[in-house]
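Below, chains carry the letters A, B, ... as their sequence lines are ordered, and counting in each starts from 1. In what follows, every heavy atom counts, from backbone to side chain, and hydrogens, waters and symmetry copies are set aside.
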Amino acid sequence: MKNNFSQRVKTVVINIPRGQVMTYGQVAAVAGSPRAARAVGNVMKNNFDLAIPCHRVVCSDGSLGDYNRGGSKVKKSKLQAEGVRIKGNSVIFN
DNA sequence: TAGCTGACGCAAA
DNA sequence: ATTTGCGCCAGCT
């Protein structure tokens, strides 16, 4: 049910500080399943919760991934606006 | 109950 | 650097 994992994922993402990004795998790991990166993405797209800064969640290789609110370009812009360094179409972890 | 899908992750070619 | 294939987990049909 969506009261253990998905809820967990939401909480984790909401707890991501501004100017900071996390990978799906990392979020999944914190949520309780280090291999549930896909499940994390599924949760995000299924949950249109504005309280969840899904744009702070990116792929492990730095790719932006997708975004249910305007596309990867909007996601990229948002991250840049928060102080996250973007290289081309990828995020730079610091 | 079983099967398919998907905003991923990693390895190999 | 890019593409292909396989594995993983949770949710939906």
Find out if a path of hydrophobic residues (ILVMFWY) with successive side-chain heavy-atom gaps under 4.5 Å connects A:V30 to A:I16. yes

Please confirm whether any donor atom in the side chain of A:Y24 sits under 3.5 Å from an acceptor in the base of B:dA7, or the reverse. yes

Can you tell me how far [atom2] of [N] sits from [atom1] of [X], to the nearest Å?
{"X": "A:N89", "N": "B:dA7", "atom1": "CG", "atom2": "C1'", "answer": "14 Å"}
{"X": "A:N68", "N": "B:dA7", "atom1": "CG", "atom2": "P", "answer": "11 Å"}
{"X": "A:K10", "N": "B:dA7", "atom1": "NZ", "atom2": "P", "answer": "18 Å"}
{"X": "A:K75", "N": "B:dC8", "atom1": "NZ", "atom2": "C1'", "answer": "11 Å"}
{"X": "A:N4", "N": "C:dC9", "atom1": "CG", "atom2": "P", "answer": "16 Å"}
{"X": "A:M22", "N": "B:dA7", "atom1": "CE", "atom2": "P", "answer": "22 Å"}
{"X": "A:I16", "N": "B:dA7", "atom1": "CD1", "atom2": "P", "answer": "19 Å"}

Quick one: side chains of residues 31-48 of chain A, donor-acceptor pairs under 3.5 Å with protein atoms, not counting sequence neighbours, listed by atom name and distance.
from	atom 1	to	atom 2	distance (Å)
A:N46	ND2	A:N42	O	3.4
A:N47	OD1	A:K10	NZ	3.1
A:N47	ND2	A:V43	O	2.9

Heavy-atom contacts under 4.0 Å between residues 25-36 of chain A and DNA chain C, which residues? A:S33, A:R35, A:A36

At a cut-off of 3.5 Å, list every protein nitrogen or oxygen paired with a nitrogen or oxygen from nucleotides 10-13 of chain B, distance to 0.1 Å.
from	atom 1	to	atom 2	distance (Å)
B:dC10	OP2	A:S60	OG	2.8

Is the shortest heavy-atom distance from the side chain of A:H55 to the side chain of A:L79 under 4.5 Å?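 In short, these two side chains touch, coming nearer than 4.5 Å.
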
Indicate yes or no: at least one non-hydrogen side-chain atom of A:R69 is less than 4.5 angstrom from one of A:L50.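 The answer is yes; the side chains approach within 4.5 Å.
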
Interface polar pairs with nucleotides 3-6 of chain B, N/O, under 3.5 angstrom:
from	atom 1	to	atom 2	distance (Å)
B:dG6	N7	A:R38	NH2	3.4
B:dG6	N2	A:N42	ND2	3.0
B:dG6	N3	A:N42	ND2	3.1

Looking at C:dG11, I'd like to know if its phosphate oxygens (OP1 or OP2) sit under 4.0 Å from a side-chain N or O belonging to A:S6. yes

Heavy atoms from C-beta onward define the side chain here; which of C:dG11, B:dA7, B:dC8 lies closest to that of A:A37?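 Nearest nucleotide to the side chain: B:dC8.
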
List the atom of A:Y24, the atom of A:D66, and the distance in Å for their closest heavy-atom pair. OH-O, 4.0 Å

Minimum-distance pair of heavy atoms, taken over all atoms of A:Y67 and A:S72: CB-N, 4.3 Å

A:R8: partners by side chain to side chain donor-acceptor pair (under 3.5 Å), with sequence neighbours left out: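 Counting only residues at least two positions away or on another chain, A:R8 forms no side chain to side chain donor-acceptor pair (under 3.5 Å).
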
Ignoring hydrogens and geometry, is there a side-chain-to-backbone donor-acceptor pair from A:K76 to A:I86 under 3.5 Å? no

From CZ (A:R56) to CZ (A:R18), nearest 0.5 Å: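 Going from CZ on A:R56 over to CZ on A:R18, the span is 7.5 Å.
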
List for me each residue that meets side-chain contact (heavy atoms from CB on, under 4.5 Å) alongside A:S63, sequence neighbours excluded, and say none if there are none.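 Residues passing side-chain contact (heavy atoms from CB on, under 4.5 Å) with A:S63: A:C59, A:D61.
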
